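Residue numbering restarts at 1 for every chain, and letters A, B, ... go by the order of the sequence lines. Please read all numbers here as calculations on a predicted model, not as lab measurements.
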Amino acid sequence: MATNPGKLLQSSRRDFLKGTAAVATILIAPGIFLYKTGQAAAGLEREARWGMLIDTNALSEADVDACVSACQREHGWQTAEGSRTDAQWVRKLRLEEPETGHQKFLPMMCQHCESPPCVDVCPTGASFKRADGIVLVDRHTCIGCRYCMMACPYKARSFIHENLKDQLPVAPRGKGTVESCTMCVHRVDRDGADAVPACAEAVNRNDSKAILFGNLNDPQSEISRRLRELGGTRLRADMGLNPGVRYQGL
Amino acid sequence: MPMLKSKLRFAMLVCVLGLLPGAPGAAEQARSQFGNIAIPDPAKPLSADKCVEPVEIMRRDHMEFLLHQRDETVIDGERGSKYSLVGCMNCHNPAGADGKVVRYEDPQHFCAECHAYASVRIDCFECHADRGLLQSQQGRLDMHAPAWKASAAVPPTSTLQRRLGTVDGD
Ligand code: SF4
Ligand code: SF4
């Protein structure tokens, strides 16, 4: 045979390492592929990077409370009566300028970092980043060591200490595992770019988009446009984690 | 005729094990082997005319289907697979109109009946809902309703199905 599979493989591998063969199908021998592109199954959008833009100027304290309770309702993580522990997918932060007493409130959740330290430290690979940028805990493999909780600089994760009952079908969660904001991944998988996370749904009245969900990789998306025009802050940008959640008005 | 073959293979397996209900003689054999323990025969759901796979395949391989599907869902965002656990529960343990449901600790639960018999602990429901969608959740959570029900299109077949030769799934 004229083709030398080894050679083909090698050059493809080099291309792959260089990062240029971004989506090349690698042919080992006629009809045999080492790696094939194109998702056969439906599912997440591989080219997307989902993010949220949170306009703190448009959020009152009550709005942030509404975010938190909407998230609780959506995923069923309300702390049970009498429980001594506290699940926290999203929490309310208050910023106060000491001099003037001016206060600001913002919802703080997993920032869906591009380089997530929670993923780096996880010994089992349970903490992972999906192809579309959403950072999740795969509870099937989480052993509850809580390394990720310590590694997360945003304190975005919490641990389930108690036996649970009546979890919601969209949000399986159970004792001995770590959890955090999923960017309402079940909605994202259903609605793609049109998805509205529960927290956004709770505060976006009329046409206001106090919390805007969208694709950071798509320059035409509303979130990219707003970031281009008005800018947005990455919390603790100095850490270089490049969060997918951005804030305005800070 | 892949189906016929797999049925034959299954029939042979049943004869060898002499364990599973439904096969001729299986019940008597099991009784004589294990004394008077009744072999579970969980109630079939009324809401659908057939399962996602033939009963004998499901008895043997449901855990493999679920294992394969869970990774597709968590990692690749593949929802509405025909092996969705929510799909199972929607048919096999639907919530009553009054919101009352059978819990998995209850021996009447569809999964619990056989699992108790086989002494295999079910871990699924420590995290997952052990019942079908409640009325109030239907529509809102319909992304979890098995897509195979709504459309005639054959859902993507899994490697396991191909291995078993049950791609036609009937
Ligand atoms: S905010 Fe924390 S939990 Fe979320 S991706 Fe970043 S490091 Fe991980
Ligand atoms: S607690 Fe779970 S997700 Fe976090 S680092 Fe440990 S195994 Fe990974």
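- At least one side-chain heavy atom of B:R79 sits under 4.5 Å from a side-chain heavy atom of A:V185.
- Heavy atoms of B:D71 lying under 4.5 Å from chain A belong exclusively to its side chain.
- Between A:H75 and A:W89, the distance from one ring center to the other falls under 6.0 angstrom.
- For the atom pair A:I54 CD1 and A:K209 NZ, the distance stands at 15.0 Å (nearest 0.5 Å).
- Scanning residues 149-162 of chain A against chain B with a 4.5 Å non-hydrogen threshold yields no residues.
- If you look at B:Y83 and B:H62, their ring centroids are not closer than 6.0 Å.
- Although no hydrogens or angles enter the test, the distance criterion places no donor-acceptor pair under 3.5 Å between the side chain of A:E201 and the main chain of A:V196.
- When A:K129, A:R130, A:K165 are compared by the number of non-hydrogen pairs under 4.5 Å with chain B, A:R130 comes out ahead.
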For residues 113-120 of chain A, which side-chain N or O atoms pair as donor and acceptor with protein atoms under 3.5 Å away, sequence neighbours left out?
unit_1, atom_1, unit_2, atom_2, d
A:E114, OE1, A:N242, ND2, 2.4

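- Side-chain contact of B:D130 with B:H109: a donor-acceptor pair under 3.5 Å is absent, judged by distance alone.
- A side-chain N or O of B:Q69 and one of B:T73 form a donor-acceptor pair less than 3.5 Å apart.
- Using non-hydrogen atoms only and a strict 4.5 Å limit, the part of residues 134-146 of chain A facing chain B consists of A:L136, A:D138, A:H140.
- For the side-chain hydrogen bond (donor to acceptor under 3.5 Å, both in side chains) test, no residue two or more places apart in sequence or in another chain qualifies with A:W77.
- Around atom CZ of A:F128, more than 12 heavy atoms belonging to other residues, nucleotides or ligands sit under 6.0 Å away.
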